[in-house]
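First up is the structure itself, then whatever we jot down about it.
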Amino acid sequence: MATTPDARPDPDELLARIQHEQQQSPRGKLKIFLGYAAGVGKTYAMLEAAHQRKQEGVDVVVGYVETHGRVETEARLAGLEVVPRKQGVYRGIALTEMDVDAILSRKPQLVLVDELAHTNAPGSRHPRRFQDVEELTAAGIDIYTTLNIQHLESLNDVITQITGVTVRETIPDSLLDQVSEIELTDLPPDELLVRLQEGKVYVPEQAAKAIQNFFRKGNLTALRELTMRLAARRVDDQMRDYMKDKAIPGPWPAAERLLVGISPHPLGERLVRSTYRLADELKTEWLAVYVETPGHSRLSPELRERVARTLLLAEELGGRSLTLPGHSVPEALLKYASEHNVTKIILGKPLRPRWKEILMGSVVDDLVRMSGNIDVNIISVPGEGEPVQQDSAWQPHRPWNRYLWAIFLVLAATGTGALFQRTISPTNLVMVYLLAVVVAAGYLGRGSSILVSILSVLAFDFFFVPPFYTFAVSDTEYLLTFIGLLGVGLVISELTARVRDQAEAAQRREMETSMLYALSRDLSFAEGLEAIIQAVIDNVSQTFGREVVLFLPESIGKETLKMVKKPPDFYMDDNEIAVATWSFKFGQLAGRGTDTLPESTGRYIPLKTPRGVVGVLGVKPRGEGRHMTQEQRRLLETFSRQAALAIERAQLAEQAQEAQLLQATEKLQTALLNSISHDLRTPLVSITGALSSLSEGGLAMDARVHQDLVDTAREEADRMNRLVGNLLNMTRLEAGAMRVTKQPGDMQDAIGTALENYEETLQERMVSVNIEENIPLIPMDFVLVVQVLVNLIDNALKYSPPGSPVEIQARLADQEMRVNVDDRGIGIPEDDLERVFEKFYRIERPEKISGTGLGLSISKGIIEAHGGRIWAENRLGGGTSITFSLPLTDEREAEK
Amino acid sequence: MTTSNLRVLVVDDEKAIRRYLRVALSAQGITVMEASSGEEALRAVAVDHPDVVILDLGLPDMEGTEVTRRVREWTEVPIIILSVREQESEKIAALDAGADDYLTKPFGTGELMARVRAALRRSYRKDNEPIIEVKELKMDLERRMVMVADHEISLTPTEYDILRLLAQNLGKVLTHRQLLQNVWGYSSEEDLHMLRVNISNLRRKIEPDPTRPTFIQTEAGVGYRLRSDS
């Protein structure tokens with residue numbers, strides 16, 4: 001028969017295969033030996049473990065182990081194969097590094113790599129050793145490595161605080177998530193100190209003094225505690241994951257959201273790390289926000305870069321980062337926080353001297369005062385006494401503040417003028433006022449600078465134009481000065497204001513772009529329609545601070561929509577749905593803020609692609625609605641266009657998959673038909689051949705030959721008969737037309753009847769029947785059960801050698817009747833014990849055995865229709881045993 | 001029993017099957033008449049008076065069961081029906097309507113002749129012979145004795161009745177219903193249980209190997225038959 005091992009005709013299996021295209025290649029496992037300080041014995045522990053693995057038969061090599069001349073460590077190294085290091089010369093110094101290529105070509109099962117945080121010599125493939133390790137694990141090699149706690153990125157600043165030593169070589173925390181096991185290498189600090197004295201701890205000479213500070217008992221204890229807590233937290237995480245997997249209810253903390261405000265200050269990084277740790281403990285989302293005030297462009301490149309780095313660090317640690325434009329830091333932060341459900345804002349404690357705070361306002365104070373029901377956490381990050389939140393230096397926050405400042409400027413100008421009154425002519429004093437106007441325009445806004453212009457004219461007139469201290473003007477030429485001063489002032493105000501507006505617009509556009517980028521990035525990563533919908537909803541609701549709902553048509557071509565995703569308590573009445581449907585049908589905006597049905601609560605945007613409308617996006621403001629600005633609406637439309645394309649893409653992908661599946665199914669069906677056609681025709685060949693030989697041979701034929709041909713034809717005819725019967729049964733089973741009428745039946749009778757079919761065969765083969773005493777009659781469809789037995793006996797006879805016995809047993813067990821048919825044939829491969837019951841399944845045999853492989857499948861169908869079970873086992877000593885069970889009573893349950 | 005000079009009516013709409021039957025039966029010296037529809041069959045039975053009728057169930061104009069019934073209205077001529085596997089209900093209906101036996105297509109000539117002979121035996125055995133013998137089984141109806149290989153077997157009255165009925169219809173199939181009605185006087189679905197139990201006991205008493213009965217043969221889904229030698 002034409003079946004190959006992997007061309008099994010099962011559409012279900014094929015579908016599963018198509019759905020799981022991504023084959024995950026096995027990554028190597030990474031195990032870290034973690035210690036709280038140098039000298040606790042990590043390398044030694046790693047070597048110990050390696051020896052154990054080697055004894056277990058694992059192929060272990062040493063990639064890079066640094067013994068630092070310690071005798072015990074060197075001794076432990078003995079006996080392990082070492083991959084020679086790569087030699088290199090850099091700037092005249094001979095350096096050795098781990099040879100990654102050599103290890104890859106050696107392809108061991110396990111590699112020892114010491115000092116995960118090590119920085120490689122310049123010219124190496126990767127700048128850091130942990131990147132080398134990543135390459136090795138990607139190639140499927142397991143790694144044992146060592147690491148000190150202070151190399152972890154997120155703990156870096158804490159450790160610097162504890163020890164006073166800043167460690168530069170850090171490992172991103174994300175690496176820890178990929179680690180399969182962390183083994184804590186621990187040593188009581190007292191013992192470590194003893195070892196230090198004995199010279200057994202590696203101390204780089206350059207840092208001798210710092211190391212002395214490092215190895216103080218208090219430090220060591222603190223470090224040790226930190227390390228243990230990290231390990232404990234990992235266990236806790238694993239436990240939580242396990243509990244989540246098994247759906248065990250646990251104390252899941254309420255959903256919070258943290259926002260940390262950052263500035264160009266160097267301590268910003270510490271703030272971010274503190275927030276990361278806090279968020280990690282609370283298991284919440286967090287984000288870092290930088291408010292870009294107009295003063296941002298005035299920051300030096302280093303400061304700007306610092307901001308960028310801090311934001312990047314936040315992303316690396318798993319938070320989101322965001323840049324918001326705004327004039328006032330507290331206002332911008334609070335606006336964002338309230339729109340995006342932030343529950344805690346984290347700021348650094350300000351360390352500006354008090355007088356500065358009084359004069360210029362304190363971000364922290366203002367924020368706290370305006371925070372409403374959002375928590376504000378002030379974290380202390382001691383360091384160089386620079387202010388933590390850097391406002392644009394002279395930007396006061398509150399509007400009336402500005403006017404005060406305007407007045408102050410005029411007074412200052414007047415004061416300055418007064419100083420130089422004697423020496424400089426009044427017309428030149430006007431310059432001072434102009435200066436004030438310009439300052440006001442630049443820092444205080446349009447309103448203030450206009451105020452300054454007017455006040456300047458008045459002040460100038462009052463103080464510097466004779467007659468002094470009156471508003472009268474003696475020389476009418478000064479009128480020109482007044483007009484000039486005022487005019488220039490107004491123009492400058494206007495121009496500056498416009499420039500600022502443009503700057504704001506540019507910032508806003510930039511923010512829009514970055515939000516669009518975030519959306520398109522999420523969309524490109526999303527696989528499948530579900531993920532795409534989730535990405536759209538997440539991004540839109542976060543960007544616009546509104547409730548989002550997505551509608552998709554119920555099925556292709558239909559006009560009625562179904563709500564695909566909505567927030568838990570989103571209320572959608574029929575009117576709203578009608579508006580959405582209208583939007584879908586006509587492909588136009590509808591709802592709030594549009595020309596169509598503007599009284600609705602939500603705004604509905606059709607998701608349009610060149611091929612048509614794929615759905616509708618609805619947004620609804622939270623609580624009391626603020627209308628969206630024009631720019632926001634524009635941005636929302638752009639979002640919706642992206643979403644439309646992504647959704648269309650997903651749908652097309654699904655269609656393509658279905659088409660592929662259909663094609664595959666058709667191919668299978670063709671193969672099936674071919675197989676059946678072959679099976680039906682083959683017996684006919686023998687029959688036709690035999691009969692035509694007989695008719696041509698005539699009476700002259702040898703009697704034996706004659707008989708042979710006749711026997712052959714009969715056998716083949718029987719075979720065909722059986723096959724046709726099987727096919728019919730199969731068809732009936734598939735169509736659900738297999739009706740099982742149960743009546744009390746005698747299993748002994750059934751077995752006997754089944755054996756009737758094999759009267760001739762039984763002359764040559766031994767079939768023993770063993771029926772338990774007094775087994776009762778059980779409800780069964782006698783005819784069908786006989787067929788099952790015929791199938792099983794057929795298989796047993798076919799798949800076992802001619803001299804071997806076949807045994808049939810019937811007995812009671814566990815409230816059911818069990819019947820098994822055993823043979824001493826070749827048996828069934830372990831993996832196939834369940835698959836034998838599939839349609840058309842046949843084990844690959846060297847000699848092609850006849851039969852289409854339907855028998856067991858039909859038997860399964862019949863037995864299961866009785867409410868019983870059927871299974872195959874291999875026998876001790878070789879051969880197969882097929883057992884089926886039937887219930888003792890008819891439960892009258894619904895047939896399957 | 002000789003079969004020459006027998007006259008058999010073959011009713012089947014398939015020409016190939018009629019041809020085969022003609023060939024097989026003629027080889028035994030039997031005269032074969034043919035009909036290809038129910039109406040033809042009825043006419044042929046009335047006009048030609050065959051000794052045995054072989055009737056296909058799947059006739060184009062009339063159900064085989066219907067033909068059987070109409071024939072039985074006025075003659076007891078033995079009727080053997082030809083059926084396909086899985087047509088149990090039709091088979092039973094025809095048997096209950098008066099057909100004597102059935103053959104499942106495809107069948108061999110040996111089976112065919114065995115059925116024909118069995119059917120004739122019944123029609124000849126109008127006078128109740130007291131002794132019926134099949135291989136080692138011997139029933140003496142007069143003395144109500146059953147012997148297997150000269151050992152007397154004691155049976156319950158019900159078992160005896162069943163065996164007697166089967167023996168009197170030696171070689172012919174008896175449906176469940178026929179057995180129940182004749183032995184118990186009524187038949188209903190639940191009583192099949194009783195029948196099966198009795199058959200099972202009967203087999204245990206008279207069969208040399210109860211798991212492989214040589215006397216009482218199960219006709220799956222239809223009934224039972226006491227096998228004859230030929």
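First the proteins, then the strands, lettered A, B, ... as listed; each starts at 1.
In B:Lys105, the NZ atom is crowded: over 12 heavy atoms of neighbouring residues, nucleotides or ligands sit closer than 6.0 Å. The 12-atom threshold is not exceeded at CG of B:Asp150, counting heavy atoms of other residues, nucleotides or ligands nearer than 6.0 Å.
Every residue two or more places apart in sequence or in another chain that forms a salt bridge (charged side-chain N to carboxylate O under 4.0 Å, His left out) with B:Asp101 is listed here: B:Arg115, B:Arg225.
If you measure heavy-atom distances from A:Asp749 to chain B, the contacts under 4.5 Å come from both the backbone and the side chain. Both the backbone and the side chain of B:Val197 come within contact range of chain A, with heavy atoms under 4.5 Å apart. Only the side chain of B:Gln217 comes within contact range of chain A, with at least one heavy atom under 4.5 Å from a heavy atom of that chain. Neither the backbone nor the side chain of A:Asp781 comes within contact range of chain B; no heavy atoms are under 4.5 Å apart.
Of all the listed residues (A:Leu755, A:Val786, A:Ile751), the one sharing the greatest number of non-hydrogen pairs under 4.5 Å with chain B is A:Leu755. Contact count against chain A (heavy-atom pairs under 4.5 Å) is highest for B:Ala220 among B:Pro213, B:Ala220, B:Gly108.
Summarising the geometry of A:Asn721 relative to B:Pro106, their closest heavy-atom pair is ND2-CD, 3.3 Å, with the distance given to 0.1 Å.
Between the CZ atom of B:Arg212 and the OG1 atom of A:Thr753 there is a distance of 12.0 Å, given to the nearest 0.5 Å. In this structure, CZ on B:Arg203 lies 7.5 Å from CG on A:Asp746, to the nearest 0.5 angstrom.
A:Phe782 places a side-chain heavy atom less than 4.5 Å from the side chain of B:Arg196.
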